[in-house]
Amino acid sequence: MRYNPRETEQKWQELWNSKKSFEAKEPSAVAVAPTAGPVVRSTEASQQQGAEQSRQKKYFVLSMFPYPSGRIHMGHVRNYTLGDVVARLRRAQGFNVLHPMGWDAFGLPAENAARERGISPKQWTYDNIATMRGELKRIGLSIDWSRELATCDTTYYKHQQKLFLDFYKKGLAYRRKSFVNWDPIDETVLANEQVIDGRGWRSGALVEKRELSQWFFKITAYADDLLQSLTSLDRWPEKVRLMQENWIGKSEGAKINFRIVSGAVAVAPLGAEQSHSINVFTTRPDTLFGASFIAISAGHPMAKERAKSNPALDAFIIECNKIGNTAAAIETAEKQGFDTGLTVAHPFIAGKTLPVYVANFVLMDYGTGAIFGCPAHDQRDYEFATKYGLEIIQVVQERNEATKERSDDTLSALRPCGPSPLPYTGDGMLINSEFLNGLDVTAAKKTAIEKLKAMGIGQGVTQFRLRDWGVSRQRYWGCPIPIIHCTACGVVPVPESQLPIVLPEDADFTKGGNPLDHHPTWKHVNCPSCNAPAMRETDTCDTFVDSSWYYARFCSPHNADEPVTKSATDYWLPVDQYVGGVEHAILHLLYSRFFTRAMNETGHVSLKEPFAGLFTQGMICHESYKDEHGKWLYPEEMQKQPDGTAINVKTGKPVTVGRVEVMSKSKKNVVDPGRIIDAYGADTARLFMLSDSPPERDLEWTESGVDGAWRYVQRLWRLVDEEPFASLLSTTPSVHPGEGRDPAIRKVIHKTIAEVTDHLQRFAFNSAVAAVRKLTNTLEEYAADKNANGATFREGIEAITRLISPMLPHIASEMWEKLGHQTMLVDEAWPIADPALLIDNVVTIAVQVNGKLRATIELPRDCAKDQAEKIALSQEAVQRALNGATPKKVIIVPNKIVNVVA
RNA sequence: GCGGGCGUGGCGGAAUUGGUAGACGCGCUGGAUUUAGGUUCCAGUGGGGUGACUCGUGGGGGUUCAAGUCCCUCCGCCCGUACCA
């Protein structure tokens, strides 16, 4: 009978659910029973494994929780399938597995829905969650649904507010002024993605930068630790660690005060000292003699001060503010500067002055918001100097052979090598630099800093690129920040007894701005300390805050009194395997690492690194289609013709088949997971996700690939249901394992068990699938043989059934039942290969002549080198290739290769 | 701009440490069986050459007995860039 995925998948999902198969055991349950074996054990292999276990080990598998956008997409299916394979494998290997699911439920789209369609963010969100939960369940994931949480539940964000207060008390949360994108028409703050070409996405108004008081988390307090600890994350992808390292961006440099010598404003609101000098950060103090200008950010206090009396400068600053808030926009914009008329004294060259510019490429958030420009040795400074006709003085020259060892200052006059093309940013020797002449860059940096220090105008500093984390959002649908502002008492934390601060449900979304701010009553409260009328903080938390600690909450999701339960986090954390997209490589993962440290410092958890293992998956791509008018079409709106072209299903007109691109709603190149599961079943969808493309790489969704997966699922079923397989399986196996069985086939079976286990543990799921398919091919061939042994065949089929079970859990369970077992496959132990069957006595060796393959020979394992050489040289093809020449050298790598060098 | 990644047949990809390039699958070609439901089975399949051979892992250069793998350089695509999540 043909396999019916719809009925079978539902049957097993209901069974797992009713037996609570995937509920994690509480740490107390595991700790109390010293011999607690990993559930039912019925196989020979598990006996060795289970018996000596004194305490069941835990394994925490976490896939990044989804934003409840409305429907699940293929990216979710991939993410959760990958996590599920790990969870099911570890469960079978005897671990107490925690594999939970939740919802990253606060955020902008809910608020947009409210504005566009008048639905309340809460209702919209919970409706979406209900839909998506149903869709997720159909994938057949081994999730412990009893731990489900949503970050917009008051039972979740209540604890987040408590954490905020604890951070505040430790000085890890603070308030300062910072810039936002301001839409003057909608009177609202815009996210970077809502600013398109400098204009608000909805209003089209030119976006301004506006300074607001905002809340920050002091992530920079842990900059060094976050950097140093990266080395301990040995189960993270190297690329993610590198990206984080560069993001934190530790650099050694100097801060230098440049004294203003002319053009200084007489009265300054900043204090006399500041208005008489400009403090600059540089990583290249060695190039000070090449300095030709100072550039300050448009947001620098000095720039603002000068703008008051200079309308042209004011206009320039307004122009700079239009570029936008993103680093990419600022750094790709054409370099522009405005001469402030100020000049500063060169610290080392008496009488020399440098002009001060306001420049659009200097970032206020990094360093001191001011730089000195050395055009000869910096690309940006070079462009700037060329544009504004500023001096370009070379002070570093690449060393050549003649000057390598010398370091006296007569060398600078010698011009020992030809001029390097400027700007030159490499290492070399200092020239044109008085007391630095002849030194290398590193030594010159040190000497320059010493001199600056002695002069009292500078010092060496360590600078991080990492900035404090701005968590304030002027929005409704987020976790309210539990702070009260009182005119008399200032910033007052909400007393813990008053938590949670709950969002009002009657917010008005018809007006612009922050609904919490213009709500008639919500923000008006009495000061907890003096009882006078006061105001609530109306900013809510960045949603990255919500997702920074959800992993810890999963350990005890129902604790009503505290954010986490210590005994639970001590047992379950860290997360053993975290799975999610690379797009989170920096922000989410860095914020979580910070949050864990902050929770550690405030006594909530006892660890610092939340994720011991990390796997970053690739994205899902699909062909894109356009009709004759250039409008995007959904894949189901077109049909491929036999000649390779495509037509519109409705109009019959030709369709342009575009490139394979990341699935996105805007390009309509999406495939709905629900439709695929309806048509083929979850196992087929899962198999397609896992075969072919390695999980870390982008995956191209193709209809033919799905068909291939579908055919394999059907083929697996025939293996237990049809002839000649069914008859072979019905023969009674011997009680003694191995007796009368076919050793050659058993070898293949056990090698496959070892191989698949290894592939799965290394996330090489595509290779694991390939190995199982190969075993399937072998067993089908074997079954066609009239002398095939039934017990051998059964051993092979049972191996396949277990090996595919993490990937195709439904059909594997059904096959297991069909094979006559009373147990549930999900409670069975993972197969273990017999080591004796993994060793080959004969090996195939390649024979090369001058690196080119000429023959292959079969030799006994570990055979003597001279014997290998003799047999290799006796090969006819080898002699032909040698063409009478005598071998000069023979390289032999045992059991692998013989290379004859002629 | 900066940081990170990827590039192998017609296609997705395989190849623990440098050691037989193309496993496994898709597609295609030829044949068989059955055709009421996305069939199934057999054979073939990197390019060139009748063949011995030869050329082949984005382009160019290098190290090595041996390079998909290591080094330099160029090109293309993708991700992140701090208020999308």
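A quick note: this is a predicted structure, and the numbers were derived from the prediction, not measured. A note on names: the letters A, B, ... follow the listed sequences, proteins ahead of strands, and every chain is numbered from 1.
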Select base, sugar-phosphate, or nothing to describe what S472(A) touches, counting heavy atoms under 4.0 Å on all strands.
-> base
For I891(A) and for R773(A), locate the closest nucleotide of RNA chain B by heavy-atom distance; then report the residue assigned to the nucleotide nearer the 5' terminus.
-> R773(A)
Would one find a side-chain N or O of K889(A) under 4.0 angstrom from OP1 or OP2 of rA66(B)?
-> no
Over 12 foreign heavy atoms within 6.0 Å of CD, Q761(A) | yes
State whether the distance check finds a donor on one side and an acceptor on the other, under 3.5 Å, for side chain Y680(A) versus base rG38(B).
-> yes
OP1 or OP2 of rG27(B) under 4.0 Å from side-chain N/O of S704(A) | no
Less than 3.5 Å between a donor and an acceptor, one on the side chain of R711(A) and one on the base of rU40(B), is that the case here?
-> no
Any N/O donor-acceptor pair, Q214(A) side-chain to rC83(B) base, under 3.5 Å = yes
Would you mind telling me which of rA66(B), rU20(B), rG27(B) lies closest to the side-chain atoms of N899(A)?
-> rA66(B)
Any strand, both distances under 3.5 Å, Watson-Crick or G-U wobble: rG25(B) pairs with rC11(B)
Got a donor-acceptor pair under 3.5 Å from the side chain of K896(A) to the base of rU17(B)?
-> yes
How would you label the contact of W247(A) with the nucleic acid (heavy atoms, under 4.0 Å): base, sugar-phosphate, or nothing?
-> base
Looking at rG3(B), does its base get a donor-acceptor pair with the side chain of N246(A) below 3.5 Å?
-> no
With a non-hydrogen cut-off below 4.0 angstrom, is T844(A) in contact with a base, only sugar-phosphate, or nothing?
-> base
Nearest heavy atoms of Q214(A) and F179(A), plus distance in Å | NE2-O, 4.1 Å
Pick base, sugar-phosphate or nothing for E696(A), based on heavy-atom distances below 4.0 Å to the nucleic acid.
-> nothing
Residue-phosphate contact under 4.0 Å: N766(A) side-chain N/O, rA14(B) OP1/OP2 = yes
Lys/Arg-Asp/Glu bridge criterion (N-O < 4.0 Å) met for D707(A), R711(A) | no
rA67(B): pairing nucleotide in any strand, Watson-Crick or G-U under 3.5 angstrom = none
Quantified in whole Å, what is the C1' atom distance between nucleotide rU69(B) and nucleotide rG58(B)?
-> 16 Å
Output for pair (L775(A) CG, E780(A) CD), nearest 0.5 Å, gives 10.5 Å
Base, sugar-phosphate, or nothing for R697(A), non-hydrogen atoms under 4.0 angstrom?
-> sugar-phosphate
R473(A) pairs by salt bridge (charged side-chain N to carboxylate O under 4.0 Å, His left out) with which of D539(A), D517(A), D542(A), D546(A)?
-> D542(A)
